[in-house]
Amino acid sequence: MSFKVTFPDGNTKDFVAPVTIGEIADGISHKLAKIALGGMVNGKIKDLNTKVDQDAELKILTWDDDEGKTIFRHSSSHILAEAVQNLFPGTKFGIGPAIKDGFYYDFDSPHVFTEDDFEKIEKEMARLAQGKSVFEKSVISRAEALKYFEDLGEIYKVELINDLPEDAEITTYKQGDFLDLCAGPHLPSTEKIKAMKIMSIAGAYWRGSEKNKMLQRIYATSFPKKTQLDEYLNLLEEAKKRDHRKLGQELELFTMMEEGPGFPFFLPKGMILRNELENYWREIHTKAGYAEIKTPVMLNRCLWEQSGHWQNYKDNMYFTQIDDVDFAIKPMNCPGSILVYKNSLHSYRDLPIRMGELGLVHRHEKSGALHGLMRVRCFTQDDAHIFMLPEQIKDEIKGVISLIDEVYSLFGFEYHLELSTKPEKAMGSDDIWEMATTALREALDEENLAYQINEGDGAFYGPKIDFHLTDCLGRTWQCGTIQLDFLMPEKFDINYIGEDGEKHRPVMIHRVAFGSIERFIGILTEHFGGAFPTWLCPVQVRLMSITDKQLPYIEAICKKMQAKGIRAEVDARNEKIGYKIRESQTMKIPYSLVAGDKEMENETIALRRLGKGDLGAVNVDELIENIISEIKERKNP
RNA sequence: GCUACUGUGGCUCAGAUGGUAGAGCAGCUGAUUCGUAAUCAGCAGGUCAGCGGUUCGAUUCCGCUCAGUAGCUCCA
């Protein structure tokens with residue numbers, strides 16, 4: 001009996017059943033068969049030795065496919081589990097999936113794992129992989145599965161089985177002496193896994209809930225070749241050099257003190273960068289029709305009760321008392337903004353009203369969550385609230401989306417979007433939530449933007465669109481957000497006078513573009529590896545002379561530059577030129593200018609551009625004009 | 001907050017199975033005036049995160065606290 005297989009490139013080929021995916025790959029080329037890790041049959045990811053016996057669309061998965069890597073890493077995680085089973089008897093097993101760049105397995109073990117165990121476990125894993133054991137798949141009944149894992153005392157596996165839907169097919173995979181409840185797919189054998197390395201250990205709550213027991217999670221990674229592992233480890237080393245915490249200290253941008261955990265101190269250089277960002281922010285927001293306000297950091301308890309923060313956000317808030325009255329330090333800017341709106345009467349003709357605020361908020365974050373500038377306890381949101389007519393919603397959302405895109409594009413950031421829906425802890429009726437969520441979804445769809453949905457992750461007052469950016473190690477951080485809110489207007493009873501002369505309820509958008517200035521600076525630092533675009537650089541130009549003889553010459557140039565608004569400085573220290581160059585390079589100053597006798601005679605200056613090396617002598621006035629236009633256009637390096 | 005780990009001069013790190021600490025860079029002083037990633041010499045700088053305990057004696061061992069790192073939970 002023959003059937004037809006369609007490949008991603010549209011080609012088809014006939015095969016005679018039964019034939020496995022691996023054999024089909026071999027039918028195409030021996031080379032492909034060698035690197036095949038699994039297959040995608042009609043969109044479903046399958047084992048390489050899955051039999052195909054009818055017309056199907058098939059993609060052979062290799063290391064170049066994410067799904068191929070997933071199969072590879074998932075199989076690796078079973079080897080890790082087998083190694084732990086062999087070395088640490090009495091260990092119970094949780095789950096062990098593939099993740100980005102590797103895999104992990106969760107264990108509940110009487111043995112407390114430390115880094116000292118890594119070598120031992122890695123050795124055992126290597127031994128097991130070299131054994132070329134086969135991954136054997138079996139389909140078993142629920143009763144059999146339960147009995148098997150109950151007898152072993154594998155309480156976590158039993159829990160997983162019990163939570164499987166009634167009609168689910170229960171499968172196990174066995175390699176060597178290790179049998180695991182697993183949906184697969186897996187590699188045919190351990191043979192292809194040539195390089196494995198344990199990366200770290202960490203606690204992780206069973207099934208991700210704080211209420212459950214914390215298991216020990218071992219993170220590891222694996223590759224088909226040892227050289228690929230070395231490359232990956234190298235990449236990690238390089239990435240660490242871009243860590244904003246390291247660069248923040250080296251470039252003297254900001255610092256953290258024991259006296260204020262999670263409360264960053266901005267140093268003079270960091271302040272320049274920050275102020276430049278804020279200037280840019282004001283510029284584009286003025287252009288987009290925003291007015292700027294500033295509201296108090298601390299406000300009366302009543303306000304927070306009215307907004308619902310007291311009930312819904314108390315754990316994250318800081319409190320104090322003034323003359324026996326409770327006050328809260330603001331964790332968000334919206335209530336203050338609303339009071340500003342309420343300060344005067346508004347006509348439908350005034351809407352939309354866009355009010356921006358660089359608002360300093362304080363939130364009590366759990367100590368373990370703090371992370372450099374990315375996660376702090378006080379930060380400045382580049383916040384804005386838009387009060388509008390219901391029919392203006394979609395246009396305003398689109399306007400905000402394009403504004404945020406403009407900001408991220410300026411820096412060359414890649415980002416992804418998430419739409420977060422109604423959380424458990426939410427105020428307001430389902431109808432209102434439905435309406436708000438639909439508005440956000442439609443705006444995204446009409447702009448043809450890709451997004452993923454985060455069920456139940458919205459703010460307590462409304463659904464939101466989040467913009468996520470990536471740090472040097474591939475961790476993503478939420479920066480921009482657009483939140484639609486029908487509730488606060490209700491709670492604060494704000495209104496506008498309509499065409500009919502009656503009071504009507506406006507709708508509100510809460511939105512940030514940078515997200516928090518602090519986090520954004522963290523992301524910026526890692527994105528540029530500290531080599532910021534010139535317009536953001538604390539020091540844009542460093543001038544140095546070969547000997548003291550040229551000092552007056554460069555000092556004059558420096559003054560000229562400063563007069564034109566360029567942040568230039570002279571390194572007048574009595575050091576060799578190599579020494580001064582080295583420092584200007586490590587401080588990542590974009591323009592290093594050197595003058596010796598030659599330059600002084602010709603009224604030029606030798607230019608060294610960061611990352612581009614020595615560019616030779618240039619005309620001073622032309623250089624100044626070029627630098628000015630680079631700053632003005634906010635060019636990226 | 002939870003699990004594991006870490007905490008030595010401004011920075012990067014060494015150190016002793018317990019006898020009160022070293023190096024490089026940075027800083028200061030002096031010499032050197034030199035062509036694109038570190039000139040030489042000298043000086044100064046530390047109650048070894050804090051508090052308790054064990055001990056004749058603790059920075060080193062133990063406990064607690066604080067701070068940091070990785071991850072979990074949570075979130076901009």
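Convention: sequence-line order gives letters A, B, ...; per-chain numbering from 1.
When both distances must be under 3.5 Å, the Watson-Crick or G-U wobble mate of B:C13 is B:G22. Base pairing of B:A4 is made with B:U69, judged by Watson-Crick or G-U wobble geometry with both donor-acceptor distances under 3.5 Å. For B:U59, there is no paired nucleotide, since no Watson-Crick or G-U wobble pair has both relevant distances below 3.5 Å. Under the Watson-Crick or G-U wobble criterion, with both distances below 3.5 Å, B:C40 is paired with B:G30.
Between A:His468 and the phosphate of B:A76, there is no side-chain N or O to OP1/OP2 separation shorter than 4.0 Å. Checking the phosphate oxygens (OP1, OP2) of B:A76, a side-chain nitrogen or oxygen of A:Lys464 falls inside 4.0 Å. For B:A26, the OP1/OP2 oxygens have a side-chain nitrogen or oxygen of A:Tyr579 closer than 4.0 Å. Taking only side-chain nitrogens and oxygens, A:Thr481 never comes nearer than 4.0 Å to OP1 or OP2 of B:A76. The phosphate of B:A76 (OP1 or OP2) has a side-chain N or O of A:Gln478 nearer than 4.0 angstrom.
The interatomic distance linking A:Ile218 (CD1) with B:C5 (P) rounds to 14 Å, in whole Å. Atom C1' of nucleotide B:C5 and atom CD1 of A:Ile201 are separated by 7 Å, given to the nearest angstrom. Whole-Å rounding puts the A:Met199 CE to B:A70 C1' distance at 11 Å. Remark: P of B:C34 and CD1 of A:Ile546 are 10 Å apart, rounded to the nearest angstrom. Atom P of nucleotide B:U3 and atom CG of A:Asp108 are separated by 14 Å, given to the nearest angstrom. Following rounding to the nearest Å, A:Leu215 (CG) and B:A4 (C1') show an atom-to-atom distance of 14 Å. Taking atom CD of A:Glu575 as the reference point, atom C1' of B:G30 lies 13 Å away to the nearest angstrom. Following rounding to the nearest Å, A:Asp315 (CG) and B:U73 (P) show an atom-to-atom distance of 18 Å.
Of all heavy-atom pairs spanning A:Ala288 and A:Arg354, the tightest one is O-NH1, 3.3 Å.
Between A:Tyr219 and A:Gly578, the residue anchored nearer the 5' end of RNA chain B, judged by the nucleotide with its closest heavy atom, is A:Gly578.
A donor and an acceptor atom sit less than 3.5 Å apart, one in the side chain of A:Arg375 and one in the base of B:C74. One N or O donor and one acceptor, one from the side chain of A:Glu599 and one from the base of B:G35, sit under 3.5 Å apart. No hydrogens or angles were tested; on distance alone, a donor-acceptor pair under 3.5 Å links the side chain of A:Tyr205 to the base of B:G1.
Checking A:His416, A:His371, A:His468, A:His527 one by one against A:Trp477, the ring pair (Phe, Tyr, Trp, His ring centres under 6.0 Å) holds for a single residue, A:His371. With A:Leu536 as the partner, the side chain to side chain contact (heavy atoms under 4.5 Å, CB included) test is satisfied by one option alone out of A:Ile272, A:Asn275, A:Leu277: A:Leu277.
Heavy atoms of A:Lys598 sit under 4.0 angstrom from at least one base atom. Note on A:Ser209: nothing from the nucleic acid sits closer than 4.0 angstrom, heavy atoms only. In this structure, A:Gly208 reaches the sugar-phosphate backbone alone: every heavy-atom distance under 4.0 Å involves primed, P, OP1 or OP2 atoms, never a base. When heavy atoms are screened at a 4.0 angstrom cut-off, A:Val594 is found touching base atoms of the nucleic acid. A:Arg519 comes within contact range of at least one nucleobase, with a heavy-atom separation under 4.0 Å. If you check every strand for non-hydrogen atoms under 4.0 Å, A:Arg245 touches sugar and phosphate atoms only. Note on A:Val376: a base of the nucleic acid sits closer than 4.0 angstrom, heavy atoms only.
Using a 4.5 Å heavy-atom cutoff, the side chains of A:Glu569 and A:Val541 are not in contact.
The same atom, P, is picked in B:C62 and in B:G24; the two are 32 Å apart, to the nearest Å.
In this structure, CG on A:Leu251 lies 8.5 Å from NZ on A:Lys269, to the nearest 0.5 angstrom.
The pair A:Asp614-A:Arg608 fails the salt-bridge criterion, with no side-chain N (NZ, NE, NH1 or NH2) lying under 4.0 Å from an Asp/Glu carboxylate O.
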